[in-house]
Amino acid sequence: MPHKNKQLTGSPQGSEPVYLTLGKLRRAHGTKGEIPLEIYSDLLELLSPEQVVYVGETHQAYTIQETRWKNELLLIKFKGLSDRDIVSKLTNAFVYVRTDQLPSLADDEFYLYQLIGLAVYEEDGPYLGRLTEILRTGANDVYLVESDAGEEILIPAIEDVILEIDLERGTILVSKMEWYGEGA
């Protein structure tokens, strides 16, 4: 079965990360403490009023007071921060959410960070390697799998190719592709 995914970037580390990146703060806007966020995620419900987010390398917790759109950026006002000078210190800091804050997904849906590090096997059994990166293309995602020998294999994340994803076993089963290892 193909995976249905939610875009969410983070630091892939073989084990589940504690924090995932939602976006990056830009320069303060106006004089009332608003700061624009360049959004990296499609989980906008995590950026609504009363949500707690974590800012910067120290993951300082802030509660969102209000938000509004300004072009492609989301202007955020944090509770307790109403001064431009104070908010300006957050410029270029990343905004994170903890993985335990993520919405639950259906059984056949996965967050992309959950797939990084999974062992990839062909349907007839051969081990291909570990999923190290997910490339976002216009048509479909492409899985970058690295073999134990350090060779890279590109696998299109489409229904005909991705047969099964089993998070409990830590595996991805893909259909046999004749072009593996041929040519180039």
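Numbering starts at 1 and runs along the sequence shown.
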Open item on the list: According to side chain to side chain donor-acceptor pair (under 3.5 Å), does anything in residues 83-93 pair up with another residue at least two apart or in another chain? List the pairs.
Closed with: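 Checked against side chain to side chain donor-acceptor pair (under 3.5 Å) - neighbours excluded - the pairs reaching residues 83-93 are R26-N92.
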
TODO: Show your reasoning for whether side-chain contact (heavy atoms from CB on, under 4.5 Å) applies to L90 and L81.
DONE: CA-CA 11 Å; L90 302 178; L81 298 181; 4.1 Å; yes

- [ ] For R98, check salt bridge (Lys or Arg N to Asp or Glu O under 4.0 Å) against everything at least two apart and list the hits.
- [x]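 In terms of salt bridge (Lys or Arg N to Asp or Glu O under 4.0 Å), with neighbours along the sequence ignored, R98 is linked to D100.
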
Does the side chain of [Y] come within less than 4.5 Å of [X]'s, by heavy atoms?
{"X": "T171", "Y": "V120", "result": "no"}
{"X": "Y121", "Y": "I172", "result": "no"}
{"X": "I134", "Y": "L115", "result": "yes"}
{"X": "P103", "Y": "E45", "result": "yes"}

Are the side chain of [X] and the backbone N or O of [Y] linked by a donor-acceptor pair below 3.5 Å?
{"X": "S175", "Y": "D160", "answer": "yes"}
{"X": "T21", "Y": "G23", "answer": "no"}
{"X": "R130", "Y": "G117", "answer": "yes"}
{"X": "Q114", "Y": "Y111", "answer": "yes"}

Interatomic distance, [X] atom [atom1] to [Y] atom [atom2] [nearest 0.5 angstrom]:
{"X": "I153", "Y": "I155", "atom1": "CD1", "atom2": "CD1", "result": "6.0 Å"}
{"X": "Y113", "Y": "T99", "atom1": "OH", "atom2": "OG1", "result": "5.0 Å"}
{"X": "Y54", "Y": "L22", "atom1": "OH", "atom2": "CG", "result": "11.5 Å"}
{"X": "L173", "Y": "I162", "atom1": "CG", "atom2": "CD1", "result": "9.0 Å"}
{"X": "E146", "Y": "L128", "atom1": "CD", "atom2": "CG", "result": "13.0 Å"}
{"X": "Y40", "Y": "Y96", "atom1": "OH", "atom2": "OH", "result": "9.5 Å"}

Open item on the list: Atom CD of residue position E57 - does it have more than 12 heavy atoms of other residues, nucleotides or ligands inside 6.0 Å?
Closed with: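 Counting neighbours around CD of E57, 12 or fewer heavy atoms of other residues, nucleotides or ligands fall under 6.0 Å, so no.
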
Return the minimal non-hydrogen interatomic distance between [X] and [Y], and the atom names on each side.
{"X": "V53", "Y": "L46", "answer": "CG1-O, 3.8 Å"}
{"X": "N140", "Y": "A157", "answer": "ND2-N, 3.8 Å"}
{"X": "V174", "Y": "L163", "answer": "C-CD1, 3.8 Å"}
{"X": "D141", "Y": "T137", "answer": "N-OG1, 4.3 Å"}

TODO: Mind checking side chain to side chain donor-acceptor pair (under 3.5 Å) for K32 and listing every partner two or more places apart, or none if nothing turns up?
DONE: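 Partners of K32 by the side chain to side chain donor-acceptor pair (under 3.5 Å) criterion come out as none, since no residue qualifies.
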
Open item on the list: List the residues meeting side chain to side chain donor-acceptor pair (under 3.5 Å) with E50, not counting sequence neighbours, and say none if there are none.
Closed with: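 With neighbours one apart ignored, the set is K79.
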
TODO: Could you give me the CA-CA distance, side-chain angles and deciding distance for L20 and L102, then say whether side-chain contact (heavy atoms from CB on, under 4.5 Å) is met?
DONE: CA-CA 9 Å; L20 294 169; L102 298 175; 3.6 Å; yes

Task: Criterion side-chain contact (heavy atoms from CB on, under 4.5 Å) on L25 and V55, from CA distance to verdict - done: CA-CA 9 Å; L25 294 170; V55 178; 3.9 Å; yes

Open item on the list: Apply side-chain contact (heavy atoms from CB on, under 4.5 Å) to residues L73 and E38 and explain how you reach the verdict.
Closed with: CA-CA 5 Å; L73 300 174; E38 179 182 345; 4.0 Å; yes

Open item on the list: Looking at E34 and R68, is any side-chain nitrogen of the basic one under 4.0 Å from a carboxylate oxygen of the acidic one?
Closed with: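 Yes.
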
Task: SB check E66 K77 (cutoff 4.0 Å) - done: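 Salt bridge: no.
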
- [ ] Not counting sequence neighbours, which residues clear ring pair (Phe, Tyr, Trp, His ring centres under 6.0 Å) with Y62? List them please.
- [x]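 With sequence neighbours excluded, Y62 shows a ring pair (Phe, Tyr, Trp, His ring centres under 6.0 Å) to F78, given in chain and number order.
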
Task: Residues which pass side chain to side chain contact (heavy atoms under 4.5 Å, CB included) with L44, listed by chain and number, not counting sequence neighbours - done: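 Scan of L44 (side chain to side chain contact (heavy atoms under 4.5 Å, CB included), adjacent residues dropped) gives I39, L47, W69.
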
